[in-house]
*Asks:* 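Got a structure for you, questions after.
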Amino acid sequence: MTGSQSEVLSRKVEYSGERISVKSLEEGINQVRSRQNVKVGELETLRARNIKLQESLGQEIKKLRKFSDYLSRGQLGGSFLSNLKEILSYLPLVNRLAFTRRSVEELLRQQYEISARRVKEAAEFADKLKAAEADLHDEINRLNDKIIESAKNEDLAAAYVLELKSAGEALSAQLAASEAGSTTVRELQAEQDRLRRLLGEHSTQLQLYHTAEDRLARLKENSRKLAETIGNLAGDITQYVTAASEKLDLVAGQIQAIGTAADASVVMLDLKKSLDVMTESMNQTTRFVSETQVFFRQNLDRLMDELELYDGETQKVMEKNLAISREVEERRIAEAVEVALARASGTAAGP
Amino acid sequence: MPGGARLPTVMLTGAAELAYVHALTAAIRAARLNTSYPPGAHLLAHLHGLSPAVHLGLYPGLALDARSGLPTYREWTRVRTDAALAARGLAELPSRAELEARAASRPGSIHGKRLLKQRYYAALAAAPLPPLEAIDVALRRLDAKAASAEVLVTLDKLDATGALLRVRVELTERGGFWRRKLVAVQADLAAHTEELKAIVYQNAGIDAELLFAQLAARPGVTVAQVSRGTIGPIFCAGVRAPAALAELVASGGVVASFALDTAGVGVARDVDQDPLLDPMADALSAEARATYLEARARLGYKVVKERKFATDSTRVEAVRAFCRACKTRNPVYATSATEREPS
């Protein structure tokens, strides 16, 4: 055996990161999958919240439109109070016609506060999506680090396996040239066994790093898609929330001013203006809610299906890897047993 | 606004925002507001929530109504909405420790914002906000034989001018099932009817004596006293003010004013010590004024208009000089320096 072969066999190969094994790879992949599942679970919760928000917004819009339509139909000809008698019954917390003399300003305030709350809820919703997006980008960064690490380790393992293969070929040639049964042959055979063990060990590493790189890249792609769609959605919601807030700002000023208007027709006119602006604000919010629902319908179910499918594929790869590992191990044990048996029978026969 | 104009506002940000909240807090504490005024504690709770020390920059600033110098209706609603959603918001956010860990590397990220939000919601949830607006009717005396009820009505409200006010009405209503009643009495409890609420609410913005006259004109109703306590205007840079006061706060600081307008049959004599407001009756035409004076004599009430001020000790003398120039006598309280200084 040459000094170069000896160096190859005794070299300590330093892989970066934690030593990979089938188990550690499976655990690592499962951790990433769990984090993705948490994000999808959060979206599921948001979907449920969205449905409720849409229901209540629908009711608010209906009330506001009915109220505003009534004022638009030119029904201001009657007395101020008789006009108010019907229209005030559309506003929140007004269930009885006996409430008809209540202040327009107070009732508008109640409606404004409900609208402000809805817009605030929508803003919270957008922040949650932004946080989910940021988490997914962090996840992508982590995955990129792992992918690069796996790629480097794969290169390292591949180079070493080739060196081992070359050393093995040289050993085989030396073995063929040596006298059968000699000490040299026994020594070369011992080196060959050592080499086989190293080759088996680092071939497995090569295969695992290669698999890890590939699978982590696919996981990353899923996270990236999820982050992108969530980011787009959060951006859209923020836009709607901003528009709705601006409309509400306008209403807040109008509501305060209504209190100072003594003339009934001015009050009715301002009431109509406030209602129209408030309806527009609610429309902005409703638009995002319904578009969010479309997003959920189009993306979330598909994403979940893809993730579930990927889970199945991952499991299959894992099972295959485990089966191969088991097979290799069994073959090695069988070979070892064969050598041991052959050696035992040779000893019994004696030289 | 009528015609759709925007409300005149003053936007305070950063150090000016914090200084305003501290100065107004100190002024309310110094002003010794009794039960004739909107509850100071309720206002302080809202101001606490509006402070940048509590919202931690989650909002760009604080918008003041340029007419009253108090936060706009939108700002009051903002803090009330946030307080109403605080408990749920907290439950949905990760723990503070987790958010701190996430925000540590990137404080400007959404995780940083959520950490601030967690702290903001925790502060709001720790001290629930009492209402700024409320109406209450307390039964003082019930005479079943005469079918009469004496009540004290208290309405707290954000006025159309942006000021906070408390209207208190002491009245007695005698029975008459054919009439729309103002007070509904059942057993020993009295409640306002929508009729009463509408009258007081819609007329809260007018002088105490005009509300007195309006209520007294209703059949079966005898009014003993109407008072109208107002917090505001709060004068600071950018807020509409008489020239002398505008100059005083141009470079910073706050001069807070608190008015009490009382019309009652038990009031000994007419007194007007308000340097800021002219009595509404002065604006009446000759004909309307004659009717007004006749009604006033018939109803037998007198009117007292008072106003007190609170400001930091460096401005106290200047405010006193302003009052002297207006020929009115007004208490001017100095605020505590420790409460005024932003920490």
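Residue numbers begin at 1 in each chain, while the letters A, B, ... track the order of the sequences.
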*Asks:* Non-hydrogen atoms of chain A under 4.5 Å away: do they reach the side chain of B/A84, the backbone, both or neither?
*Replies:*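 Both parts, backbone and side chain.
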
*Asks:* Does a side-chain N-to-carboxylate-O contact under 4.0 Å join B/E133 and A/R109?
*Replies:*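 Salt bridge flag = yes for A/R109 with B/E133.
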
*Asks:* Find out whether A/K130 and B/R114 are in side-chain contact, i.e. whether some heavy atom of one side chain is under 4.5 Å from a heavy atom of the other.
*Replies:*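 No, their side chains stay 4.5 Å or more apart.
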
*Asks:* Does any backbone or side-chain atom of A/D135 lie under 4.5 Å from a heavy atom of chain B? Answer side chain, backbone, both or neither.
*Replies:*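 Backbone plus side chain of A/D135, per the 4.5 Å heavy-atom cut-off to chain B.
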
*Asks:* So which part of B/S109 gets closer than 4.5 Å to some heavy atom of chain A, the side chain, the backbone, both or neither?
*Replies:*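 For B/S109, neither part sits under 4.5 Å from chain A.
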
*Asks:* So, taking the atom named CZ in B/R106 and the one named CG in A/D138, what distance separates them when rounded to the nearest 0.5 Å?
*Replies:*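 With rounding to 0.5 Å, CZ (B/R106) is 4.5 Å from CG (A/D138).
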
*Asks:* Indicate yes or no: does B/R80 engage A/E113 in a salt bridge with an N to O separation below 4.0 Å.
*Replies:*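 Not counted as a salt bridge, because no side-chain N and carboxylate O are separated by less than 4.0 Å.
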
*Asks:* To the nearest 0.5 Å, what is the distance between CG on B/D82 and CD on A/E124?
*Replies:*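 Answer for the CG-CD pair, B/D82 versus A/E124, is 7.5 Å.
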
*Asks:* Out of curiosity, A/K128 NZ to B/L93 CG, how far, rounded to the nearest 0.5 Å?
*Replies:*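 That separation rounds to 7.5 Å.
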
*Asks:* Does a sphere of radius 6.0 Å around NZ in A/K120 hold more than 12 heavy atoms from other residues, nucleotides or ligands, not counting ones at 6.0 Å or beyond?
*Replies:*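 Atom NZ in A/K120 is crowded, with more than 12 foreign heavy atoms closer than 6.0 Å.
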
*Asks:* Between CD of A/E121 and CG of B/L85, what distance do you get to the nearest 0.5 Å?
*Replies:*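 These two atoms lie 5.5 Å from each other.
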
*Asks:* Please report the shortest heavy-atom distance between B/I110 and A/A134, naming the atom on each side.
*Replies:*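 Where B/I110 meets A/A134 most closely, the heavy atoms are CG2-CB, 3.5 Å.
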
*Asks:* Could you tell me which portion of B/R78 (side chain, backbone, both or neither) has an atom closer than 4.5 angstrom to a non-hydrogen atom of chain A?
*Replies:*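 Neither part, no heavy atoms under 4.5 Å.
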
